[in-house]
Trainee: 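Have a look at this one.
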Amino acid sequence: MSKKITSILIANRGEIALRVIRACRDLGIKSIAIYSDEDIRAVHVKRADEAYHIGPAAPAQSYLNMTKIVETAKAAGADAIHPGYGFLSENENFSEMCDKNGIIFIGPTSKAMELTGDKMKCKAVMKKAKVPTVPGSDGIVEDMQEAADIADEAGYPVLLKSAFGGGGRGIRLANDEKQLRQEFEMASAESRAAFGKAALFVEKYLERIRHIEFQLIRDSHGNSRHLFERECSIQRRHQKLIEMSPSPVVDQKTRERIGEIAVRAVDAVDYLNAGTAEFLRDPQGNFYFIEINSRLQVEHPVTELVTGLDLVKLQIGVAQGEELTFKQQDLKMNGCAIECRINAEDPFYEFAPSTGIVPNCNLPYGPGIRVDTYLYPGCNVSGYYDSLVAKLLAWGRNFDESRIRMKHALDEFMIEGINTTIPLYKTIMDDPNFIKGELSTDYLERFKILNKMSENAKEAAKKSAKAAVAAVLLQSEFVRKTEAIHQSSMPKSKWKMMRG
Amino acid sequence: MSKKITSILIANRGEIALRVIRACRDLGIKSIAIYSDEDIRAVHVKRADEAYHIGPAAPAQSYLNMTKIVETAKAAGADAIHPGYGFLSENENFSEMCDKNGIIFIGPTSKAMELTGDKMKCKAVMKKAKVPTVPGSDGIVEDMQEAADIADEAGYPVLLKSAFGGGGRGIRLANDEKQLRQEFEMASAESRAAFGKAALFVEKYLERIRHIEFQLIRDSHGNSRHLFERECSIQRRHQKLIEMSPSPVVDQKTRERIGEIAVRAVDAVDYLNAGTAEFLRDPQGNFYFIEINSRLQVEHPVTELVTGLDLVKLQIGVAQGEELTFKQQDLKMNGCAIECRINAEDPFYEFAPSTGIVPNCNLPYGPGIRVDTYLYPGCNVSGYYDSLVAKLLAWGRNFDESRIRMKHALDEFMIEGINTTIPLYKTIMDDPNFIKGELSTDYLERFKILNKMSENAKEAAKKSAKAAVAAVLLQSEFVRKTEAIHQSSMPKSKWKMMRG
Amino acid sequence: MQFKVGDLAEMLEGEVLRTTDNNSVVVKIGGKQHTLQLLKSGTDEFEFLLDNSFHHAKILQVGTAEVKMMIDGQPLVVKKHSKLTEVLEKASAIGGVGGGDRNLTSQIPGRVVNIAAKPGTEVKKGDVIVVLESMKMQVAVKAHKDGNLKEIKVKQGASVARNDVLAVIE
Amino acid sequence: MQFKVGDLAEMLEGEVLRTTDNNSVVVKIGGKQHTLQLLKSGTDEFEFLLDNSFHHAKILQVGTAEVKMMIDGQPLVVKKHSKLTEVLEKASAIGGVGGGDRNLTSQIPGRVVNIAAKPGTEVKKGDVIVVLESMKMQVAVKAHKDGNLKEIKVKQGASVARNDVLAVIE
């Protein structure tokens with residue numbers, strides 16, 4: 001494990017592949033990209049030192065094809081594989097396959113990954129390590145009495161969940177014991193009817209929760225550090241849209257307290273490399289561990305901006321057996337960073353996917369602005385892969401400075417040819433609840449943000465009305481003049497085609 | 001002076017106009033741009049809230065036309081004028097004219113500007129304030145005896161300079177008193193022959209000097225802060241090319257010591273707003289004040305990256321009478337920043353100016369990278385104005401991290417259609433002397449950097465040789481196929497025009 | 001001519017008064033005269049200063065009655081208003097003419113992952129007919145009206161483009 | 001064909017072996033066979049993978065004997081080598097033919113700020129003939145050879161483009 005890495009195959013695409021390529025370059029490591037048929041003109045192919053074709057567009061046959069990727073890594077002479085996020089990043093079989101083939105997997109061991117991937121097992125380990133988890137039963141409850149005892153301990157309201165349910169189905173809310181009895185009977189009957197047996201468990205119902213996570217890094221010598229928190233409460237369909245650090249509700253004392261718990265969590269599973277401990281926070285300020293994400297996260301640049309650290313470079317260092325060079329107390333939080341995930345989705349039309357060629361784009365820049373993206377003029381936004389096309393980040397000395405910089409960077413960000421979530425974020429940056437830090441995972445619905453966005457769009461149309469009419473007049477005038485010239489065969493046009 | 005500014009006219013163009021526009025936007029202030037005939041399609045015209053035409057391309061008739069600019073400011077209802085750097089930024093008459101017309105000039109008072117603009121007067125004030133200046137005579141020496149006394153005090157070698165000389169002419173070096181006598185006689189005779197009288201002064205000859213400056217800000221309540229140093233020793237023809245902070249030869253103790261002197265310097269001239277105290281540093285570690293630059297400097301982003309402050313926002317705050325909110329001890333230096341000035345000049349051909357349309361360009365981005373530029377695909381690089389087209393900055397936790405990020409950002413920075421100084425900077429980033437921090441104002445000549453650059457270009461050609469031949473083969477094949485298609489009138493080409 | 005901009009209630013009157021040599025155009029919009037300073041002018045892209053402020057227009061589609069554009073980064077439809085368009089709008093408000101109304105089209109490009117309804121059956125507006133997948137998201141395409149599902153035009157696994165007809169409802 | 005790349009001493013042999021349907025071209029360069037995977041191909045711009053590495057070529061000028069290009073951001077001249085070019089090179093090395101040699105041309109665009117020499121006088125190689133200004137820099141244009149300054153083709157204050165003839169020296 002203490003072999004110096006000289007070349008890395010990046011088993012991913014899009015902005016994260018480019019991000020890893022940059023880190024490789026900075027470390028003097030050869031970067032090796034892979035690409036599907038769909039991605040031959042993608043930016044990661046152009047920027048890597050080498051690029052290998054690995055299969056058709058469909059992920060199963062390319063970016064998820066473990067055998068092909070390991071073969072390619074061996075043929076190209078790669079010392080290590082960086083999985084990015086998504087695809088094979090949390091696949092313990094892949095990590096193991098790398099291991100068996102003498103390739104360093106830049107991420108946790110397959111053993112740690114297996115444990116963090118099993119929520120029930122992981123929860124049990126955490127309880128043993130005194131990491132607070134969401135109160136409730138450890139597994140399936142035997143009968144109504146056990147359910148009532150657990151509910152008493154956890155405190156009402158509680159949720160009654162069917163082990164066979166999923167996606168919100170089979171979940172029942174109980175505000176007191178009487179209601180719990182009613183619901184328990186009905187749920188048991190329902191479950192027996194559908195699946196032949198009742199398998200229910202009890203969990204405390206958390207309302208108005210925030211999603212707050214701690215970035216962690218742990219080396220092969222057992223040193224663990226937390227790199228502070230990220231607030232990721234603004235979500236849609238359980239997917240994060242906006243992340244920031246610090247969280248408006250985490251003060252230095254809480255940061256240290258929960259940070260220590262997060263460190264305990266990764267120590268408990270003998271974790272390796274970068275990872276994230278995710279917590280729910282209720283309005284009373286209680287934190288409940290929910291899971292460890294055993295990979296580099298999409299939102300890692302938020303942490304990079306407030307710590308000054310380069311997480312991908314750290315990952316590579318840890319993977320080649322280096323010891324972390326900083327102690328917990330060496331780390332200082334500097335200012336505030338916000339990230340908006342620019343997705344190729346239409347926020348005015350139920351976030352429908354939007355794909356195709358981007359004929360032109362303009363990336364924002366300026367003080368405090370960072371963009372991680374695979375976009376370039378002429379690039380293809382493919383329907384085969386996920387909708388994240390860019391991550392826009394703004395750093396400021398405080399929340400307000402970063403928020404205002406973000407707002408104006410969103411104004412500057414121009415992406416032609418596809419719809420994106422930019423209009424949504426513009427609305428959020430100006431929303432008084434966001435400004436007050438009044439966040440929760442139901443933020444979008446709670447404050448009717450989509451309605452506000454539509455109103456803002458109408459306001460914008462009002463402001464642009466004159467210019468829009470002017471454009472129509474110019475367009476028809478241009479056509480008229482062009483036709484007149486064609487008809488009269490005049491050699492020269494006063495309305496020359498100007499290149500601006 | 002304590003009027004809240006709601007709109008600012010920016011009496012400048014190029015990247016600095018865009019920089020001020022961004023600061024205005026972030027503060028909710030209306031930005032008003034001005035433009036010459038040459039600049040109608042310039043980016044500052046597009047990004048400002050309003051833009052006014054002020055005259056023909058030649059600066060004297062547009063960006064230097066004080067009356068026209070003040071008239072435009074009044075017509076547009078501007079509360080204040082930001083002069084940027086260059087043009088009217090250090091013109092005390094312009095500052096005064098703004099004052100008389102009830103417009104806030106964002107910069108020092110005309111009185112302070114007049115004083116800092118007169119080197120001899122300023123030197124006298126500094127001596128009184130115990131700010132160390134270059135040892136030598138305070139003015140013209142009377143006779144040989146005075147010259148010898150001053151030389152004794154300053155220490156040999158000394159320079160004998162003619163008050164009528166300029167641009168290096170009439171400067172004589174003396175290593176001891178004997179040589180001084182000889183040179184004094186010859187120089188006196190020469191001067192009498194040419195100008196009718198001898199007017200010589202004596203100054204200590206400083207060898208292998210570094211150019212190190214301190215950023216300062218002073219509010220209207222008399223609070224002064226220094227924002228640490230910038231090392232600007234890499235120059236060509238006395239123009240800075242690369243700046244960085246911290247300087248490799250300034251430790252915390254020296255920083256505090258010289259910083260205090262710099263504060264004393266701006267206090268001595270009752271300075272207002274942002275300014276820079278410039279020093280020379282000899283190899284023995286002595287600092288000599290040379291002048292105050294009474295404006296925002298080109299290289300101000302270097303300081304922004306290591307302090308986290310937004311200098312233009314600070315300038316606007318000070319101009320509307322606000323008190324600085326931070327004490328000297330609140331400021332911490334964070335990491336290292338390097339700036340390369342990307343000039344439209346051909347470093348392979350005596351830095352000849354290179355102008356014209358830039359059909360395409362690719363701005364670098366990624367962790368720690370910032371670009372301030374007026375470039376966009378299709379923009380015009382005009383011969384009427386100076387050659388700075390972009391400032392590329394790289395921040396890192398330490399010098400090496402910022403240096404390596406700079407190196408790769410330079411690789412990524414593509415500017416078509418014109419020559420730039422990018423190849424020079426690529427060579428410097430890899431130069432062992434630069435890496436060691438072995439800097440001086442004669443750095444380029446001393447380490448034969450231009451020769452190294454040419455060698456690097458040859459090396460690059462060698463590496464690209466195969467690809468170049470491949471490109472020639474593709475090109476001739478493309479022409480052959482296209483012709484074949486035209487001749488046979490085939491409707492479809494296998495070699496379709498691909499848009500990448 | 002009268003123009004209706006986006007959803008705005010008021011109409012805007014607009015006309016070109018004259019064009020000059022130095023790339024400027026004098027127009028009258030909403031009763032006020034303005035000089036447009038042209039920065040860029042082409043078949044589908046215009047850049048100009050209006051009242052000293054910069055605007056960028058990308059013309060996406062020009063019809064006889066409306067122009068679709070991106071103005072300063074925002075999508076906007078400008079309708080050319082006339083007696084004819086009024087008549088047409090009333091007609092379409094009453095209930096559509098021609099076959100366009102029968103077709104259920106795809107609003108997004110994607111792959112068909114599920115056919116959720118049977119041809120020949122009665123469907124209600126809002127019933128899921130086809131499920132598409134794009135960008136790892138599943139998007140249900142729902143019936144746009146009540147009626148008989150005459151035909152499903154796509155097969156499971158097929159790729160569809162935006163505006164492709166997925167099914168016919170009568 | 002033999003190619004001379006930039007200032008490199010060695011020649012490189014290069015030829016196209018075959019082109020395939022899926023935008024790839026098999027070539028032989030320096031005795032080794034390579035498959036070029038084309039990403040972009042047009043009259044003046046090519047993007048391709050060579051030995052799994054990306055290259056971008058922008059063709060600036062195509063002559064019968066040489067091609068000027070930007071390859072991966074670096075300017076480079078590739079000469080097509082043949083007996084004819086050898087002969088031409090030798091001839092030009094001896095001392096130029098035709099009138100091109102009489103003309104003193106401007107290497108940069110700029111404005112004439114000073115005429116530093118008098119027509120009819122003898123000048124030496126390196127003497128300043130004209131001073132141009134561009135980007136606030138003064139650039140001296142010096143005589144390219146000894147001779148008689150026959151004519152100065154520009155006036156003080158005039159704008160000149162790159163490669164404009166400034167003076168004639170015979």
Trainee: Measure B:S476 against the heavy atoms of chain D and call it side chain, backbone, both or neither at under 4.5 Å.
Mentor: neither

Trainee: Taking D:Q74, D:Q107, D:R111, D:H55 one by one, which has the highest count of heavy-atom pairs under 4.5 Å against chain B?
Mentor: D:R111

Trainee: Is the shortest distance from a Lys or Arg side-chain nitrogen in D:D127 or D:K142 to a carboxylate oxygen in the other one below 4.0 Å?
Mentor: no

Trainee: So which of B:A471, B:A467, B:A461 has the biggest tally of heavy-atom pairs under 4.5 Å with chain D?
Mentor: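 Max contact count across the listed options: B:A467.
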
Trainee: Going through the distances and angles, do B:R236 and B:E345 end up as a salt bridge (charged side-chain N to carboxylate O under 4.0 Å, His left out)?
Mentor: CA-CA 12 Å; B:R236 188 188 57 82; B:E345 299 170 14; 3.0 Å; yes

Trainee: Determine the option with the most heavy-atom pairs under 4.5 angstrom with chain B, choosing from D:M70, D:R162, D:K32, D:K58.
Mentor: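 Highest number of heavy-atom pairs under 4.5 Å: D:K58.
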
Trainee: Atom CD of B:E477 and atom CD of B:Q475: how far apart are they, to the nearest 0.5 Å?
Mentor: 10.5 Å

Trainee: Would you call D:E13 and D:K28 a salt bridge, taking side-chain N to carboxylate O under 4.0 Å as the test?
Mentor: no

Trainee: Quick one: do the B:Y384 and B:D39 side chains pair a donor with an acceptor below 3.5 Å?
Mentor: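 The answer is no; no qualifying pair exists.
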
Trainee: Answer yes or no: is there an ion pair linking B:E299 with B:R341, defined by an N-O contact shorter than 4.0 Å?
Mentor: yes

Trainee: Which one wins on heavy-atom pair count under 4.5 Å against chain B: D:A57, D:S134, D:G110, D:S159?
Mentor: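 Heavy-atom pair counts peak at D:S134.
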
Trainee: Side chain to side chain contact (heavy atoms under 4.5 Å, CB included), that's the test. Do D:K155 and D:V112 meet it? Break it down for me.
Mentor: CA-CA 7 Å; D:K155 286 220 166 67; D:V112 178; over 6 Å; no

Trainee: At a heavy-atom separation under 4.5 Å, does B:F351 approach chain D through its side chain, its backbone, both, or neither?
Mentor: backbone

Trainee: If you count heavy-atom pairs under 4.5 Å between each of B:A468, B:S464, B:A352 and chain D, which one has the most?
Mentor: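 Maximum pair count with chain D is reached by B:A468.
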
Trainee: Side chain, backbone, both or neither: which part of B:Y385 has a non-hydrogen atom closer than 4.5 Å to chain D?
Mentor: backbone

Trainee: Among D:E45, D:H34, D:E133, D:M1, which residue forms the greatest number of heavy-atom pairs with chain B at distances under 4.5 Å?
Mentor: D:H34

Trainee: Taking D:I59, D:L60, D:D51, D:D44 one by one, which has the highest count of heavy-atom pairs under 4.5 Å against chain B?
Mentor: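 Most pairs with chain B among the choices: D:I59.
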
Trainee: Is it the side chain or the backbone of B:N419 that comes within 4.5 Å of chain D heavy atoms, both, or neither?
Mentor: side chain

Trainee: Please rank D:E10, D:M137, D:E15 by heavy-atom pairs under 4.5 Å with chain B and give me the top one.
Mentor: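 Top count of heavy-atom pairs under 4.5 Å with chain B: D:M137.
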
Trainee: Do the side chains of B:K458 and B:E455 get close enough for a salt bridge, i.e. N-O under 4.0 angstrom?
Mentor: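 Salt bridge: no.
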
